[in-house]
Amino acid sequence: GVLCMEQWRKDGRKEVIMVDLEALVPKDHLLRKIEKVMDYEWLYEKLEPYYCHDNGRPGTDPVVLIKMVLIQHLFGIPSLRQTYREIQVNVAYRWFLGYGLLDGIPHFATVSYAFCKRFPEELTGEIFEHILNKALNNRMIDPSTIFIDGTHIKASANKKKFQKEQVAKVAKVYSGQLRKEVNAEREKLGKKPIEDDEDDRSDGDEGTQATVEKTVSTTDPDCGMFVKGEHERQFAYEAHTACDKKGFVLGVEVTAGNVHDSVAWDKVYDEVTGKFKVQFVTMDAGYKTPWIAKKTIEDGRVPILPYTRYTGNENRYKPWEYTYDSANDTYTCPRGGILRHTTTDRDGKRTYRSTPEQCRNCPCKAKCGANEKGQKMYTTHIWQEYLDLVEQIRKTDRAKKIYAQRKETIERVFADAKEKHAMRYTHHRGLAAVTRWVRLKFAAINLKKLAEWSWNSSIFSCFFSIFSPVAKRTHVFT
């Protein structure tokens with residue numbers, strides 16, 4: 001028993017051994033899989049103009065700095081400072097960087113400076129695109145169906161330190177097209193065309209743009225106040241993201257946390273559809289607007305949106321109980337009254353009115369919501385036909401099946417990003433810095449999926465070639 005106790009107390013901490021770093025890293029380690037699918041020559045070519053080779057101190061390998069950031073995002077390490085400490089003691093991390101056990105690791109401040117000052121602004125986007133193209137070349141992406149949604153990221157800003165500011169209103173992307181169609185209808189109705197939007201001008205000053213009051217953080221002015229739940233409010237950013245049915249992130253647009261999903265939708269949609277051939281566009285209820293329905297359908301794609309509960313008065317006639325006559329551009333109420341198209345306002349709202357004579361003595365006047373004069377007014381949007389078409393698509397079996405995949409695609413992407421890759425909050429400040437940070441997060445997520453699937457595919461190919469000697473060998477990696 002005493003001998004056994006003495007063996008337990010053996011201390012090998014100062015034991016001198018000869019070791020091969022290659023042998024210490026497991027063969028199936030994630031970083032080995034990543035090293036097998038990644039290439040870095042294009043990074044050296046891209047970053048060569050940003051380094052001077054004939055004077056000054058020797059610079060740190062830029063690929064090593066990029067790899068350190070990839071390690072941070074791949075393993076969900078909250079900060080570069082902690083990443084630096086982890087690399088010092090992790091054999092696999094040192095192997096990935098190409099450093100030995102006794103080599104000094106580049107300081108985290110060097111990495112931070114490189115991405116903030118030295119490297120070009122578009123580098124993170126090019127890294128994201130490079131990884132995405134590798135997945136596309138290996139036929140891992142299926143962009144026929146895309147899923148678009150947004151997730152909030154808590155900003156590095158004290159929610160108690162803010163000030164109210166007058167911020168200029170941003171014009172809607174579709175305002176010009178809407179104005180053109182509205183004026184065309186108003187001309188048919190004999191109405192004066194709308195020249196200048198009142199919302200774009202301040203009262204009494206035609207040369208000043210209209211403003212709205214917003215809560216602006218004094219710590220990070222680029223973030224926005226996000227109402228989380230009934231009482232909780234916090235400053236945040238939002239990552240508006242699109243992914244395919246296999247969970248690969250295809251595009252991302254980062255905005256302040258108080259920007260509505262439907263406002264940022266155009267940039268994400270245009271970015272993804274400009275690169276891939278998309279057939280179905282799946283979104284949640286926040287994107288169920290006339291413009292999104294119109295643009296998607298006119299582009300030859302199928303929008304898949306969910307059911308939205310009716311929010312009007314339950315004691316009155318519902319909108320679907322009115323019958324539209326496209327030939328005469330009129331609506332017929334459930335009691336047979338005719339409502340004529342009288343005007344279209346600057347927001348694209350069509351107004352239909354009945355004559356007081358036909359509604360004054362109607363027994364259902366209270367139920368239809370007629371005014372004191374006995375006139376019923378009914379409003380609908382100029383692009384309502386596209387929303388009606390979206391409702392018909394929603395009821396099909398295929399649309400229901402595709403919409404049900406949201407929980408295992410875009411929602412899974414957000415869950416993994418926050419739980420496994422530390423995207424629940426950010427230490428960075430400023431929209432540009434947070435955008436770089438988010439793109440690298442999603443680049444790491446795509447890279448991890450690419451490496452794992454390529455590794456599994458190579459194992460299957462080896463197994464298949466052993467038991468099927470006559471099978472034709474094919475290349476797994478490109």
Side-chain angles (χ1 to χ4, degrees), residues 69 72-73 75-83 112 115-116 124 147-170 172 211-243 249 251-268 283-289 306 308 406-407 410-445:
V69 174
Q72 176 192 356
H73 296 302
F75 297 96
I77 304 173
S79 65
L80 275 174
R81 186 187 297 264
Q82 188 174 340
T83 304
S112 180
F115 276 90
C116 294
T124 55
F147 300 83
I148 299 178
D149 204 354
T151 185
H152 284 88
I153 304 166
K154 188 176 180 182
S156 177
N158 190 334
K159 63 183 178 182
K160 296 182 180 179
K161 294 183 179 181
F162 63 87
Q163 60 187 12
K164 299 289 185 178
E165 291 184 4
Q166 294 295 325
V167 181
K169 290 187 70 173
V170 180
K172 295 181 175 65
T211 59
V212 292
E213 187 180 71
K214 286 189 176 181
T215 303
V216 179
S217 169
T218 56
T219 309
D220 182 3
D222 287 349
C223 64
M225 181 63 79
F226 165 58
V227 181
K228 183 180 179 182
E230 188 175 351
H231 303 290
E232 178 66 18
R233 295 165 65 88
Q234 66 183 25
F235 285 109
Y237 287 93
E238 185 169 5
H240 307 271
T241 312
C243 77
V249 178
V252 61
E253 178 71 20
V254 181
T255 65
N258 54 2
V259 175
H260 195 268
D261 290 346
S262 61
V263 176
W265 175 84
D266 287 89
K267 287 187 177 180
V268 179
M283 302 159 281
D284 65 7
Y287 300 91
K288 200 171 185 180
T289 65
T308 49
R406 285 187 70 254
K407 62 180 180 293
I410 190 67
E411 292 181 4
R412 176 66 182 271
V413 167
F414 292 153
D416 284 348
K418 293 188 174 184
E419 286 294 318
K420 299 178 181 179
H421 300 276
M423 208 179 80
R424 199 172 295 278
Y425 58 89
T426 179
H427 294 294
H428 295 267
R429 291 174 180 168
L431 184 60
V434 175
T435 299
R436 290 195 302 266
W437 181 78
V438 170
R439 281 181 181 160
L440 285 170
K441 287 283 183 196
F442 286 136
I445 292 174

- Message: For Leu440 and Phe115: C-alpha separation, side-chain torsions, deciding distance, then whether side-chain contact (heavy atoms from CB on, under 4.5 Å) applies.
- Response: CA-CA 11 Å; Leu440 285 170; Phe115 276 90; 4.1 Å; yes
- Message: Evaluate Met423 against Ile153 for side-chain contact (heavy atoms from CB on, under 4.5 Å), listing each step before the verdict.
- Response: CA-CA 7 Å; Met423 208 179 80; Ile153 304 166; 4.1 Å; yes
Just distance, no hydrogens or angles: give the donor-acceptor pairs under 3.5 Å from side chains in residues 251-261, sequence neighbours left out.
| unit_1 | atom_1 | unit_2 | atom_2 | d |
| --- | --- | --- | --- | --- |
| Thr255 | OG1 | His240 | NE2 | 2.8 |
| His260 | ND1 | Ser262 | N | 3.1 |
| His260 | ND1 | Ser262 | OG | 2.8 |

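Contact check for Arg412 versus Cys243: no side-chain heavy atoms found under the 4.5 Å cut-off. In this structure, the side chains of Glu232 and Lys159 come closer than 4.5 Å at one or more pairs of heavy atoms. A 4.5 Å side-chain heavy-atom check between Arg406 and Met283 finds every atom pair outside the cut-off.
Arg429 places no side-chain N or O within donor-acceptor distance of the main-chain N or O of Thr219, the cut-off being under 3.5 Å. In this structure a side-chain-to-backbone donor-acceptor pair under 3.5 Å is present from Lys288 to Pro306.
Side-chain contact, Thr215 with Lys164: a donor N or O sits under 3.5 Å from an acceptor N or O.
Rounding to the nearest 0.5 Å gives a distance of 8.0 Å between OG1 of Thr218 and CG of Asn158. Atom CD of Glu213 and atom CD of Gln166 lie 5.5 Å apart (nearest 0.5 Å). In this structure, the separation between CD on Gln234 and CE on Met225 is 9.0 Å, given to the nearest 0.5 Å.
Annotation for Phe414: atom CZ counts as buried by contact number, over 12 foreign heavy atoms lying within 6.0 Å. By the 6.0 Å contact criterion, NZ on Lys267 is open, its count of non-hydrogen atoms from other residues, nucleotides or ligands being 12 or less.
The heavy-atom pair separating Leu431 from Asp222 by the smallest distance is N-OD2, 2.9 Å. The shortest heavy-atom contact between His428 and Val434 is O-CG2, 3.8 Å. Nearest heavy atom pair, residue Pro78 against residue Gln82, reads CD-OE1, 3.5 Å. Scanning all heavy atoms of the two residues, the minimum distance from Tyr237 to Gly430 falls at OH-N, 3.3 Å. For Gly150 against Tyr287, the heavy-atom pair with the smallest separation is N-OH, 3.7 Å. What you find for Phe162 and Phe235 is that their closest heavy atoms are CB-CZ, 3.6 Å.
Ring to ring, His73 and Phe75 are not that close: their centroids are 6.0 angstrom or more apart.
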